[in-house]
2 protein chains.
Amino acid sequence: MTMPSASRRDRKKAATRQAIADAALELFLERGYDQVSIRDIADAADVSTATVFKHFSGKEALVFDQDEDREAQLIAAVRERPSGQSILDALRQHVLDTWPSIEAHPQAAEFTNLVNSTPVLRAYAERMWTRYTDSLSAAIADELGVDHDDLSCVALARFVLEIPVLARGRQDRRAAVDAIFGILTHGWEPPSRPPAQ
Amino acid sequence: MTMPSASRRDRKKAATRQAIADAALELFLERGYDQVSIRDIADAADVSTATVFKHFSGKEALVFDQDEDREAQLIAAVRERPSGQSILDALRQHVLDTWPSIEAHPQAAEFTNLVNSTPVLRAYAERMWTRYTDSLSAAIADELGVDHDDLSCVALARFVLEIPVLARGRQDRRAAVDAIFGILTHGWEPPSRPPAQ
DNA sequence: TAGAAAAGTGCAACGACTCTACTTAGTGAC
DNA sequence: GTCACTAAGTAGAGTCGTTGCACTTTTCTA
């Protein structure tokens with residue numbers, strides 16, 4: 001999975017990072033996020049606290065270790081879509097193809113629970129996505145040949161990036177994603193009233 | 001504006017809170033958010049640091065002092081809309097009537113600049129709104145007689161609450177709000193290409 | 001193999017925030 | 001009035017995240 005890095009130095013660096021991330025996740029799942037200090041993690045990984053911050057930007061980042069290059073994939077989905085496909089369809093397809101599988105790995109339940117039960121982690125997770133608003137909207141605007149901060153592109157990007165948050169916790173995530181894209185495609189309409197019981 | 005509180009105790013309490021908020025805002029505008037410590041604020045307001053935290057939940061909350069009962073207004077706009085008016089129209093009208101005026105008071109420019117130039121404040125401001133997602137979507141769902149966590153209601157609530165963030169910094173906020181409601185009403189469509197220059 | 005570069009260490013420090021025990025002051029009943 | 005109750009405020013110590021600094025160790029490179 002992880003490619004054997006070129007130099008020994010890089011390998012050791014990656015190993016250290018991994019040791020920290022592993023120790024952190026284990027302790028978080030065991031005791032809860034707020035009950036684990038950076039010192040605990042550093043001790044468990046047998047490094048100094050300064051080293052922890054050399055590898056991770058902050059305590060929250062220790063939890064979301066593997067979430068990288070999602071941004072690049074997102075942009076690529078827009079830029080390299082099959083000719084003739086609309087941007088909205090390209091985004092829908094990318095979301096359906098990519099995002100649900102993320103939660104399909106082991107420990108997913110515990111992990112999701114950890115995030116959802118820790119306010120600061122929920123907040124961080126939400127911001128992770130919306131942080132890409134600018135680059136996604138720029139890509140969309142580029143494809144359409146309009147200005148980079150075109151409001152309608154920014155709004156679309158933002159709304160699409162809210163989807164993971166909105167679809168989280170739904171029994172049928174696929175249907176949820178479809179429903180939200182339905183709003184973005186055709187506009188919002190009042191949901192049909194369920195039969196009174 | 002502020003009603004004369006019942007008891008002397010309550011009046012003094014409110015005065016202390018106000019003194020802290022005033023001192024904080026003045027110092028923030030003067031030096032910048034990160035260059036002012038809680039101790040500075042406490043000293044300026046002539047209280048102890050512990051007192052600051054008795055009145056405000058954290059440093060960011062010192063900046064957004066007056067943002068209360070916005071939630072209540074929002075819910076009311078949905079619940080008490082004129083009969084025959086759609087929920088989307090009610091929300092649009094409420095947003096247009098209420099939100100732009102907020103930035104029309106003195107110091108608005110400096111204040112906006114303070115928030116926009118301080119990442120942690122930007123983040124806090126964004127979360128302030130989306131925090132109301134649950135209550136707004138519950139109100140919408142109630143009006144429609146569907147389940148409280150109906151996905152389409154949650155999504156609409158969330159998207160509407162993103163509007164202040166999206167419209168911030170636009171030259172014509174009114175037009176921006178209208179454009180975004182257009183997306184929510186009729187669906188997203190590629191913006192028209194501006195004439196090549 | 002010397003010496004640059006990078007990873008890691010230990011420690012001190014700062015600021016946000018909390019806790020505890022204490023003082024002060026307004027409140028309401030007698 | 002005064003007495004007991006309660007809430008506001010204080011001082012100070014302590015925790016924790018985070019940063020900076022001077023230093024050692026390891027790895028890369030010429």
Side-chain angles (χ1 to χ4, degrees), chain A residues 2 4-25 27-28 30-65 114 118-124 127, chain B residues 2 4-25 27-28 30-65 114 118-124 127:
Chain A
T2 50
S5 309
S7 62
R8 167 193 252 102
R9 186 139 75 189
D10 285 354
R11 254 178 286 127
K12 291 210 167 179
K13 182 176 178 180
T16 303
R17 182 194 165 93
Q18 196 58 44
I20 295 169
D22 289 349
L25 186 58
L27 289 174
F28 287 155
E30 184 182 320
R31 292 190 224 157
Y33 183 78
D34 293 319
Q35 279 63 55
V36 178
S37 75
I38 298 287
R39 271 123 183 152
D40 294 336
I41 296 166
D43 286 349
D46 200 32
V47 297
S48 70
T49 66
T51 301
V52 174
F53 289 104
K54 288 246 170 70
H55 286 276
F56 298 91
S57 57
K59 193 180 177 185
E60 302 104 318
L62 284 163
V63 176
F64 301 96
D65 185 19
L114 172 70
T118 311
V120 61
L121 290 182
R122 282 189 63 99
Y124 187 90
R127 279 188 91 12
Chain B
T2 51
S5 309
S7 63
R8 170 194 245 102
R9 187 137 72 187
D10 285 356
R11 252 178 288 128
K12 291 210 164 179
K13 183 177 176 179
T16 302
R17 182 193 165 93
Q18 196 57 44
I20 295 169
D22 290 349
L25 185 58
L27 289 174
F28 287 154
E30 185 183 320
R31 293 190 224 157
Y33 183 78
D34 292 320
Q35 280 61 54
V36 177
S37 73
I38 297 288
R39 169 134 248 139
D40 295 336
I41 296 165
D43 287 349
D46 200 32
V47 296
S48 71
T49 64
T51 300
V52 174
F53 290 107
K54 287 246 171 69
H55 286 275
F56 298 90
S57 57
K59 193 180 179 186
E60 302 104 316
L62 284 164
V63 176
F64 302 97
D65 186 20
L114 172 68
T118 312
V120 59
L121 290 183
R122 280 189 63 99
Y124 187 89
R127 278 192 77 40

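Here is how names work: the chains are called A, B, and so on, in the same order as the sequence lines, proteins then strands, and each is numbered from 1. All values below were derived from every heavy atom in this structure, side-chain atoms included, with hydrogens, water molecules and symmetry-related copies excluded.
The side chain of A:H55 places an N or O atom within less than 4.0 Å of a non-bridging phosphate oxygen (OP1 or OP2) of C:dG8. Regarding contacts with the backbone of C:dA16, a side-chain N or O of B:K59 is found under 4.0 angstrom from either OP1 or OP2. For C:dG8, the OP1/OP2 oxygens have no side-chain nitrogen or oxygen of A:T51 closer than 4.0 Å. Contact check, B:K13 against D:dA8: a side-chain N or O comes under 4.0 Å of OP1 or OP2. Neither OP1 nor OP2 of C:dC17 sits under 4.0 Å from any side-chain N or O of B:T49. For C:dG10, neither phosphate oxygen OP1 nor OP2 lies less than 4.0 angstrom from any side-chain nitrogen or oxygen of A:S48.
Side-chain proximity of A:R8 to D:dT27, C:dA25, C:dA7: nearest is D:dT27. You'll find that the side chain of B:S37 is closest to C:dG15, out of D:dG9, D:dT27, C:dG15.
Rounded to whole Å, the distance from CG on B:D10 to P on D:dA8 is 8 Å. Between A:D43 atom CG and D:dG17 atom P the separation is 12 Å, expressed in whole Å. Atom CG of B:D34 is separated from atom P of D:dT18 by 14 Å (rounded to the nearest Å). Rounding to whole angstrom units, NZ of residue B:K54 and P of C:dA21 are separated by 14 Å. Computed from coordinates, the B:K12 NZ to C:dG26 P distance equals 4 Å when rounded to whole Å. Rounded to an integer number of Å, the gap from CZ of A:F28 to P of D:dG17 is 8 Å. Distance B:R17 CZ to D:dA7 P: 18 Å, rounded to the nearest Å. Rounded to whole Å, the distance from CZ on A:R39 to C1' on C:dT9 is 14 Å.
A donor-acceptor pair under 3.5 Å is absent between the side-chain atoms of B:Y33 and the main chain of B:P119, judged by distance alone. One N or O on the side chain of B:D40 and one on the backbone of B:S37 form a donor-acceptor pair closer than 3.5 Å.
Summarising the local packing, CG of A:D46 is surrounded by 12 or fewer heavy atoms from other residues, nucleotides or ligands at distances under 6.0 Å. Remark: B:R39 CZ is loosely packed, at most 12 non-hydrogen atoms of other residues, nucleotides or ligands lying under 6.0 Å away.
Residue whose closest nucleotide on DNA chain C sits further toward the 5' end, between B:R9 and A:R9: A:R9. In terms of position on DNA chain D, the residue among B:V47 and A:F53 whose nearest nucleotide sits closer to the 5' end is B:V47.
Residue B:D46 is classed as a sugar-phosphate contact, given heavy-atom separations below 4.0 Å to backbone atoms only. Among the heavy atoms of the strands lying under 4.0 Å from A:V36 are primed sugar atoms or P, OP1, OP2 only; no base atom is included.
A cation-pi geometry, defined here as NZ or CZ lying under 6.0 Å from the six-membered ring centre and within 45° of its normal, does not hold between A:K59 and A:F28.
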